[in-house]
Structures are given as structure tokens and as C-alpha cells.
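Written below as C-alpha cells is the structure these notes are about.
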There are 2 protein chains.
Amino acid sequence: MELDERKKKILYAIIQNYLETGEPVGSRTISKYTDLNLSSATIRNEMSDLEELGYIIQPHTSAGRIPSDKGYRFYVDTMLTEKEREVEELKGLLLEKDEKMDTLLKRVARVLATNTNYAAMISSPQYHRNKLKFIQLSRIDARQLLAVIVVEGNVIKNSVINVEDALDDETILKLNILLNTHLNGLTMEEINLGMISAMKQQAGIHSEVIADVIDAVAEAIKADEDLEIYTSGANNIFRYPELTDNKERASELITTFEEKQMLGELVQETLADENNTGIQVYIGDEAPVEGMKDCSVVTATYELGEGMKGTIGIIGPKRMDYEKVVATLKTLMNQLDTLYKK
Amino acid sequence: MELDERKKKILYAIIQNYLETGEPVGSRTISKYTDLNLSSATIRNEMSDLEELGYIIQPHTSAGRIPSDKGYRFYVDTMLTEKEREVEELKGLLLEKDEKMDTLLKRVARVLATNTNYAAMISSPQYHRNKLKFIQLSRIDARQLLAVIVVEGNVIKNSVINVEDALDDETILKLNILLNTHLNGLTMEEINLGMISAMKQQAGIHSEVIADVIDAVAEAIKADEDLEIYTSGANNIFRYPELTDNKERASELITTFEEKQMLGELVQETLADENNTGIQVYIGDEAPVEGMKDCSVVTATYELGEGMKGTIGIIGPKRMDYEKVVATLKTLMNQLDTLYKK
DNA sequence: TATTAGCACTCAATCTATTGGAGTGCTAAC
DNA sequence: GTTAGCACTCCAATAGATTGAGTGCTAATA
């Protein structure tokens, strides 16, 4: 048995109705709502077929039908290809270039959450492909050095290095030159261990101290450790009884938002997806995050200049307003894009 | 009518029983549990008095009694003065000096939450009294300067400054000297506007550019904006039906944990309390945070070296195990103290 | 005078029918 | 292939009935 055109229409109508009401939908409703001009009995037959095909589910005998994950998948796929709802206005978002990265991201998360009434997350941009722009060691103390590393896009990292023997100004100057000549202009990936050991050799005399220093610098350079994730609107899950009626589940969800590492997987997966059409939808089990089996997740990859990629995600119930969410995300991406071009 | 010794004993017993069970406690229970050897009828009379005095409440006729906020207050006060439960072990906390501040604080929050089964928060230490240790401007680009500010205790702040006209190395050197001679060794509070304008004057020639630079430095120095607050265990509220049965309230609480600014007030209030015995208990309305009317909050001020003060808080239901929480907090403070002394 | 036993009363919580209605599946007719 | 009709199912809501923990009051007791 295949999905003919009529079945598709009916399935679409069922899901749309369910998204609106959150209640199981019966044959009579569809018979009246759609312009198919079919009696409820006919719809019933078709629904029976759709259930057999796995697109819809009956919570119990004598109840209407609700979409299965497969059904949602059908809906999302056809929706994304066929419809192109004009982009909505994003309320309350004013982006300014000078804003600091973290406050900007926090604000974006909040605006997304309040505009959609779902939970929102946003990851700080990863800058793997970016070039090292500036390295500097300074002495702040007899026994302490400060390493400042600046990457293109003005991402800055600091690291305090404890040294056993005091270094004189000249040594520090030499080290600075050594570091900059070797490393400047390189991307994170181009810096390898061989290079570092070569530098250690060149540094020669103070090898003990210098090894420490270079190690610390290498440590500071490692990018992946500062994948920051900001969330907002976790409280929105309380709007959807199917997510909060079971307290275990609710607690699990809240934990996921609070202990953000788990969301990290979502970020990785979204970024990894190469044939990236921009927006991805995970329904139920499809999401790579434990404890989101009852949710749907819509993610998007944003870009703030070359190589500065991050992930945005909206987490809500399966019956979320996919159209609106997708439209909202698209608006946002546009805004972030213009922001960078300014 | 006053609280005689017997009434106190009964009240104490009622509250303790309620803390254990979470159920309204009746006269018969008290009659059996305590060693007062009084019949339930007598207890009833006493309870009637206690209710009149406002220490306990009857949720409805023919129900047992539960403590009022005033009752809790009595309990906490007598408990804190009389009992000194030996300090419990804190499971899973290994503090190391070299750990970065933010990961340290996150871990402390998590350990507190898992040890107590309540929600925990911890604020980054405020360093008002700390001295400026090191300031440096560097050029990272024709049009961009990087300001690095280090404060005693190795708190580091960066700020990228855009300048219209390129500065030559000499100017930057001069600026560095100017900044360091004027500001080094000063506390945040000792730096005032008069001083800054004096510096602007001295800088003289490049006044336009220099004004920008000094403004940016002043901006970066402002301490209050980086009051970071870390939370953990928000999900624990689901353990206590009285906090989550009403979804509105639950949602409000979760929001408070997620949007951490509100917790900031708690931090301010705790730090402000001068006659600080170390640990404070807020019951219901007493807490300065909206949306915690059904909660109790236990806060403590920790100190990591002179002037580096921060706030720890445990948020749970009113019927929390105050003794355990207080003991746990005390252990923690000890550990933080030893950590600093190392 | 303080304490207690005894009893009537109250009220939330729990259980048990009972009912109404939304919805289905099936069959027979169109 | 479509539809009307009907018996059937099952949830959800409602209304009693029942239970039990707990109270307040009174009268007896130490």
C-alpha cells in the first residue's frame, strides 16, 4: 500500500489539526474541515490505512488519531519543501555590532524563547578555521606570566602561567618573538605537536621553563573546551502538559538544560552535518540527546564570518508549530548575517 | 499567652515530624512520639494554643497541623543556637588550587546540589577590595587595541578597543606607563572619575584617541557587571510536590534559576549583612527574591582570601532539612578556606 | 486546676457506579 | 468506491457513598 494523494491530504490535515488542538482528531472533524467532500466513514477507512502504514496512532480504541513520529517526519518534510511561509518579524531583537559576544548570544536565546514559547539554546561560535592573530606573554609577577591569545574575530583567551625561576624581560621578549614568528597567521588545525617540539628545541637554554610556557600556550589554544552554551525559556516546557505531567521526564528535561554538556552533542551533530540545508528537524528519538524522546528539536547553523559557526536550537513538544519555528530561525539567521556584514 | 517550655517542646516535635513526613501532623502522633507522656487530648489543647499564637496552621478543619513561617522561624532559630550537629562529609568534592575559578564554582554548586537534594547556587567572588595588579595595552591590528587588566587573585579581563587613528608603538608604550603608574596597586573603589580626567589631561596631545582608550579601560574595570552566578540541581524541585504541583509556581522557580539576575539580589543582600554570623536562613517571604514564597533559602558567605567574597545558597522547600543543609554549608566553607590557605 | 476519656462532628480522600459522548469498525445499500 | 446506519468501546466527568484521620467540646478524674 502506498500513500496516494488523497491519503497525503488527509494525513496532513490530521497532523495540522492536532498541532492546533493537541487533542486526538476524529474522522468527522476531518470530513468537515477539509475540502475533500468525503464522509466521515470514508475518512475512517483511510485513517485505518494510515494507521496500518504507521503514520498515525490511536491512543486507545474509540479515540481519535494522533501523529506518530513517522507522521511528524512526513509533515515536516513536505512542509519544508512545499511551503515557504513569509518570514515573520522577530519581536524585540536589536542587534548591535559592538555588543559582547556572550551578552549577544544570551539575548538571542531569550528573544527566540519568548517569540516561540519554546525552549531555546545557542552555542558560542566555534572558530576552528580562524587564524591566530596575536600572542603575547607578559610578566605580572615574579613567578607569574600572563599569556594572551587573540584569534581572528577577536576571540580572546587568557592563561596565567606559573614559572619556577623568574624570567627577565629579554627572555620574555625572545619568547614573544619566537611564538609570533612561528604561530601567527596559522589556523588552530595547522598547529601540530611537531611544530611545538621544534619550538621547544629552538628555545634551547631555558628549556625547562620554556617547555612549561609553551605547554600552557598550547593548552590555552585548544579550542573545543570553551564551547559555551546559553539557554533560555526552559520554563516554557510547562506550557505543554505532555512534557510536564510526568515529573520524571520533566525533571530530566530541566536537567538537560541546566547541565548544558548534553546539549553539546546536539551542537556537534548539527555542525557535522555537511549537506547542510541550514535547518534540521529532529523528532523524538532522532535527536542525539538523551531525555528528549518526547520532544522535537529544530536546529540551525549560524555563521558570523568565515569559519565562525555556531548552532541554534529550539526545543519543544512534538506538536510544535514547525512552520513558525522554521520561519523564526530563518529571520534570525538573516539578521545575524547582516550584523556580520556591517 | 507565652511559649512555655512544654509548648516549645510540642512545637519543635510538630515541626520535626512534619519535616520528615511532609504530612500534617496530628495530636495523637505527638502524644506517642514524644517523651512528654501526655494524652492526645492535652496535646490538642496545646496545639490549639500554638495555632492561636500563630506558630502552626490547620490546612482545613479536621486535618493535622503544619508549621507556619513563624513556626519555621522558631525552629531554625532554636536549632541554630542550640544544636551543633557534627559536620558531615561532603561527598565527591576534591578541591584543587589550580583549578580555574569558573569550573571550580560549577563543581561546588553541583556537589552541593547532589549532597543535599536541593537546588544550589554560587556567585563568583566579588573583588571590590582587591588591588589592580597589571594593565597592558597592545596593538593587535592597525585599528584595534587590546586592553588586558589583571587584578590580585588573577582575575583577568580583556577589552578590544577600536581606534580611529593608528597609534604608533611609542604612544602605546607611553599610555601603558601612564596607566600603570596611576592605577597600579589601587582598589577598584579608589579609582574615581577625578583621577580618570586627570589622566586624560596628562595624556594631552592625542586626547581624542586617548579619551576613548581610558573610557574603555574604565568600562572594563567596572566590577559589578561580571557577577556570575552558577546554579545546579534545579531539577531537584521536582522532588517536592508542594513546589511543582502548581505549574505556574514551578515555571516561575525554574525561570528564576535560568535567568540568574534575580538571584543576584540574594547575593547582594547576603553580602550586605554586616553582622554576619556566616549563615542566614530566609523562610518564605523573607527571601528578597520574587517567586520563592514557597521556598526556604539558606545562604552563606564564603571568602577566598581578603576581599574575595561570594555567596552560596541552597534553595528548597520550607520543610527542608535545615540541620543537614547548615552542616553541609559549614563543611564546604572550611574546605574553601583551607583551599585558599594552601 | 490540670489532665484525660469519650463522643459527635468535619472534611479530604478514595472508591464505585452511572452516564454521556466522541469515536470506531463493520455491514449493507447506493 | 462511497456512504449511511448501527452496535460497540472506552475515556472523562459526575455524583454518591464510604472511610479515616483528626478536631473540639464536655464531663469525669486525679
Side-chain angles (χ1 to χ4, degrees), chain A residues 1-11 13-15 17-18 20-68 71 241-242 245-246, chain B residues 1-11 13-15 17-18 20-68 71 241-242 245-246:
Chain A
M1 190 163 31
E2 265 303 294
L3 269 190
D4 57 28
E5 206 49 42
R6 197 172 72 175
K7 280 192 172 56
K8 281 185 187 173
K9 268 194 179 163
I10 293 173
L11 177 54
I14 292 172
I15 298 179
N17 190 285
Y18 182 73
E20 278 169 30
T21 65
E23 297 289 317
V25 359
S27 51
R28 228 173 92 80
T29 316
I30 297 301
S31 161
K32 281 196 293 184
Y33 263 66
T34 56
D35 48 359
L36 291 166
N37 281 325
L38 293 173
S39 77
S40 63
T42 314
I43 303 288
R44 273 203 289 286
N45 290 330
E46 294 288 51
M47 279 168 116
S48 178
D49 290 352
L50 284 171
E51 180 159 20
E52 205 177 318
L53 287 166
Y55 288 100
I56 51 181
I57 292 171
Q58 218 175 355
H60 55 84
T61 354
S62 90
R65 308 300 215 286
I66 63 175
S68 68
E242 66 266 44
D245 275 354
N246 178 340
Chain B
M1 188 165 32
E2 265 301 296
L3 269 191
D4 57 30
E5 206 50 40
R6 196 172 73 174
K7 281 192 173 53
K8 280 186 188 172
K9 268 193 179 166
I10 292 173
L11 177 54
I14 292 173
I15 298 180
N17 191 284
Y18 182 73
E20 279 169 30
T21 65
E23 298 288 318
V25 359
S27 53
R28 226 174 92 80
T29 314
I30 298 301
S31 161
K32 280 196 295 184
Y33 264 64
T34 56
D35 49 357
L36 291 165
N37 282 326
L38 292 173
S39 77
S40 61
T42 314
I43 303 291
R44 275 205 287 286
N45 290 331
E46 293 289 50
M47 279 167 116
S48 178
D49 289 354
L50 284 171
E51 179 158 20
E52 205 177 317
L53 287 167
Y55 289 100
I56 51 181
I57 293 171
Q58 221 175 353
H60 55 83
T61 355
S62 89
R65 310 301 218 282
I66 64 175
S68 68
E242 66 265 45
D245 275 355
N246 178 339

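Both backbone and side-chain heavy atoms feed into the values below; hydrogens, waters and symmetry mates do not.
- Sorted by first and then second residue, the salt bridge (Lys or Arg N to Asp or Glu O under 4.0 Å) pairs involving residues 20-34 of chain A (not counting sequence neighbours) form an empty list.
- At whole-Å resolution of the value, CD1 in B:Ile57 and C1' in D:dG22 are 17 Å apart.
- The local environment of NZ in A:Lys7 is crowded, with over 12 non-hydrogen atoms from other residues, nucleotides or ligands closer than 6.0 Å.
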Worked check of side-chain contact (heavy atoms from CB on, under 4.5 Å) between A:Ile10 and A:Thr34 = CA-CA 8 Å; A:Ile10 293 173; A:Thr34 56; over 6 Å; no

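- Whole-Å rounding puts the A:Met47 CE to C:dA22 P distance at 15 Å.
- When all heavy atoms of B:Pro24 and B:Ile66 are compared, the pair lying nearest together is CA-CG2, 3.7 Å.
- Rounding to whole angstrom units, CD of residue A:Gln58 and P of C:dG23 are separated by 11 Å.
- What separates CG of B:Asp49 from P of C:dA2 is a distance of 12 Å, to the nearest Å.
- In this structure, A:Ser39 OG and A:Asn45 CG are separated by 8.0 Å, a value rounded to the nearest 0.5 Å.
- When all heavy atoms of A:Ile14 and A:Arg65 are compared, the closest pair comes out as CG2-O, 4.3 Å.
- Atom P of nucleotide D:dT23 and atom CD of B:Glu52 are separated by 16 Å, given to the nearest angstrom.
- Spacing between atom CD1 of A:Ile43 and atom P of D:dT3 amounts to 9 Å, rounded to whole angstrom units.
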If the sugar-phosphate is the primed atoms plus P, OP1 and OP2 and the base is the rest, what is the B/S/- string for nucleotides 3-12 of chain C, using protein heavy atoms under 4.0 Å?
-> SBBB---BBS

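- Straight-line distance from the CZ atom of A:Arg65 to the P atom of C:dA22: 17 Å, rounded to whole Å.
- Put simply, NZ on B:Lys32 is 13 Å from C1' on D:dG22, counting in whole angstrom units.
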